[in-house]
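Everything numeric here is computed off the predicted structure, so don't read it as measured data. Naming: A, B, ... by sequence-line order, numbering from 1 per chain.
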2 protein chains.
Amino acid sequence: MDSEFDDGGRQASDLTARARIRDAALEQFAEHGAKGATMRGIAAAAGVSLGLVQHHFGSKEALRQACDAVVVDVFRRRLTRAAADGDLGEPGFMTQLYETSAPLLRYLARALVDGSPAAAAVFDELAAGAEDFLSATWPERFPPGSAKAREAAGVMAAMHSGTIVLHGHLARRIGFDPLEPARASRTGLAMLDLYAAMGEFAGSATAERIAEAATAYDDADGAPR
Amino acid sequence: MDSEFDDGGRQASDLTARARIRDAALEQFAEHGAKGATMRGIAAAAGVSLGLVQHHFGSKEALRQACDAVVVDVFRRRLTRAAADGDLGEPGFMTQLYETSAPLLRYLARALVDGSPAAAAVFDELAAGAEDFLSATWPERFPPGSAKAREAAGVMAAMHSGTIVLHGHLARRIGFDPLEPARASRTGLAMLDLYAAMGEFAGSATAERIAEAATAYDDADGAPR
DNA sequence: GCCCCGATAATACAATTGTATTGTGCAGAA
DNA sequence: TTCTGCACAATACAATTGTATTATCGGGGC
């Protein structure tokens with residue numbers, strides 16, 4: 001598979017037409033969503049005719065799946081590499097993720113809410129990696145295979161992915177886009193600061209409030225298990 | 001404004017047609033996105049004719065703005081109430097948010113990535129509340145008005161909103177939808193557990209790695225400021 | 001009684017959009 | 001050379017969709 005995202009992107013001019021169309025599709029899908037993007041818009045963005053898009057990919061759905069394939073390919077490589085380095089789970093791994101090309105991250109952000117199977121797979125791998133990390137680091141707190149570990153890992157994956165999915169809103173608040181490679185580490189540091197602070201908060205003054213709130217809620221609403 | 005979401009939703013049968021259409025629009029927009037939802041689909045979901053939707057709201061964009069108005073109305077009330085109780089920033093406030101009706105949360109989740117101004121406003125209020133909380137609780141760590149406070153608060157808002165935006169993926173991982181009111185507190189507890197654990201991690205063994213990674217990154221890539 | 005007005009519905013229409021069909025030129029094999 | 005396959009493009013077409021128009025009907029004020 002010819003993924004020009006392996007090395008961070010080359011010039012658009014020396015790409016084959018098929019790759020240029022797929023790159024344009026990535027951006028269009030990321031910007032307008034699976035439904036909002038149009039074949040004509042993609043063709044125009046790629047600088048080719050509508051017929052060529054049809055010729056190379058057959059249908060809009062097939063084009064979307066081709067984009068998904070690129071994403072799952074690139075991210076699987078990133079994630080397995082991070083897992084091998086033991087970097088999964090640690091907030092620094094987010095910096096790892098941020099280092100993939102920004103268009104690909106933007107596409108992933110949209111695909112995660114547009115219901116793409118590839119994006120779901122990426123999320124699952126992210127969550128599975130987080131679960132491994134949590135269970136390995138705090139075996140007593142997050143026993144392997146326990147519901148506690150699974151839930152904490154899922155929440156962790158959702159929260160970390162949230163900084164990607166909501167990168168536009170985040171950019172508006174903090175003044176720069178967290179998906180810009182040059183600013184990637186900055187967001188990771190903010191996450192670390194936040195974890196350090198909230199860790200104190202959650203660990204000290206809230207230990208009893210946890211059980212308190214849990215029992216109170218269960219009593220009031222009756223939602224056991 | 002007749003928002004039937006104030007009390008958690010009544011029966012659909014005793015709602016006026018206009019309200020029923022807007023409720024159906026909320027769900028359709030949430031499920032298919034701003035572009036994916038169709039006037040005919042909304043009319044069918046509401047059990048009325050297409051002409052009636054047009055008659056009451058004029059255009060699809062106006063209907064979307066009416067949905068936005070409901071969201072901004074309800075969430076502003078929730079947030080100001082939480083702020084008055086000093087609950088903003090504390091992870092327990094997420095439980096507060098989760099207590100709003102699930103369809104409204106699903107709509108917010110979609111609107112946050114579909115580019116609705118109302119959703120952006122809700123996110124901004126969430127981030128502003130988080131910033132107040134962080135600066136008030138750790139004035140030396142997050143000085144009021146500092147970039148550190150703004151960035152940590154933005155990341156916090158994005159991460160917490162992420163559990164809403166990605167509720168579908170989260171549900172697939174943990175076995176239940178975090179937007180179900182009966183399970184709302186469970187997600188909040190998982191967040192607390194995660195904060196407590198990651199707080200240790202971020203606070204202890206990573207203090208020097210922070211500066212390390214930051215300087216290393218700046219040197220390599222040349223992204224100062 | 002008459003009228004008018006709002007709720008509701010059915011139909012019509014133009015724009016958009018995915019897809020199919022057809023055409024054109026060129027590079028390389030026979 | 002001739003032919004064949006392929007990259008690329010232009011056009012056509014049917015389905016979808018937002019919107020405008022017209023019609024029906026029921027109740028309340030003169």
Side-chain angles (χ1 to χ4, degrees), chain A residues 1-4 10-69 107 110-111 114-116, chain B residues 1-4 10-69 107 110-111 114-116:
Chain A
M1 178 150 302
D2 51 344
S3 18
E4 63 285 7
R10 297 191 287 270
Q11 293 299 324
S13 52
D14 66 344
L15 288 177
T16 172
R18 181 184 165 91
R20 245 186 317 140
I21 291 172
R22 205 197 37 203
D23 288 5
L26 251 341
E27 291 175 18
Q28 292 290 305
F29 279 138
E31 188 166 352
H32 302 110
K35 274 281 202 255
T38 72
M39 295 289 262
R40 285 169 177 81
I42 291 168
V48 301
S49 81
L50 169 63
L52 195 57
V53 180
Q54 190 81 4
H55 171 71
H56 276 297
F57 293 93
S59 76
K60 183 183 182 182
E61 177 57 26
L63 177 52
R64 203 188 70 113
Q65 288 180 3
C67 293
D68 272 19
Y107 177 84
R110 262 287 184 168
D114 274 348
S116 132
Chain B
M1 178 150 301
D2 52 344
S3 21
E4 65 286 8
R10 295 191 288 272
Q11 292 299 325
S13 53
D14 65 343
L15 289 177
T16 171
R18 181 184 165 90
R20 244 186 318 139
I21 292 172
R22 205 197 37 203
D23 287 4
L26 250 340
E27 293 175 16
Q28 292 290 306
F29 279 138
E31 188 167 351
H32 303 110
K35 272 282 203 264
T38 72
M39 296 288 263
R40 284 169 177 82
I42 291 168
V48 300
S49 82
L50 169 64
L52 195 57
V53 181
Q54 190 81 5
H55 172 71
H56 275 297
F57 293 93
S59 75
K60 184 183 182 182
E61 177 57 26
L63 177 54
R64 202 188 71 111
Q65 287 180 3
C67 293
D68 272 18
Y107 177 84
R110 261 287 184 170
D114 274 348
S116 132

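Bracketed by its first and final contacts, the part of DNA chain C lying under 4.0 Å from non-hydrogen atoms of chain B reaches from C:dA7 to C:dA12 in 5' to 3' order.
At a threshold of 4.5 Å between non-hydrogen side-chain atoms, the residues A:Tyr107 and A:Arg64 count as touching. In this structure the side chain of A:Phe57 reaches within 4.5 angstrom of the side chain of A:Arg18, judged on heavy atoms. Looking at heavy atoms from C-beta onward, B:Phe29 lies out of side-chain contact with B:Asp114 at the 4.5 angstrom threshold.
Atom NE2 of A:His56 sits about 12.0 Å away from atom CZ of A:Arg22, to the nearest 0.5 Å. For the atom pair CZ of A:Arg110 and OG of A:Ser116, the computed distance is 13.0 Å after rounding to the nearest 0.5 Å.
Of the residues in residues 40-49 of chain B, B:Arg40 come within less than 4.0 Å of DNA chain D through at least one heavy atom, sorted by number. Less than 4.0 Å separates DNA chain D from at least one heavy atom of each of the following residues of residues 54-61 of chain A: A:His55, A:His56.
Note on A:Ala62: nothing from the nucleic acid sits closer than 4.0 angstrom, heavy atoms only.
The heavy-atom pair separating B:Cys67 from B:Ala25 by the smallest distance is SG-CB, 3.8 Å. Listed here is the closest heavy atom pair of B:Ala37 and B:Gln28: CB-O, 3.7 Å. Of all heavy-atom pairs between A:Ile21 and A:Ile42, the closest is O-CG2, 4.0 Å.
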### Query
Should A:His32 and B:Lys35 be marked as a side chain to side chain contact (heavy atoms under 4.5 Å, CB included) after you check the CA-CA gap, both sets of side-chain angles, and the distance that decides it?
CA-CA 9 Å; A:His32 302 110; B:Lys35 272 282 203 264; over 6 Å; no
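Panel note: side chain B:Lys60, backbone B:Ala34; a donor-acceptor pair is recorded below 3.5 Å.
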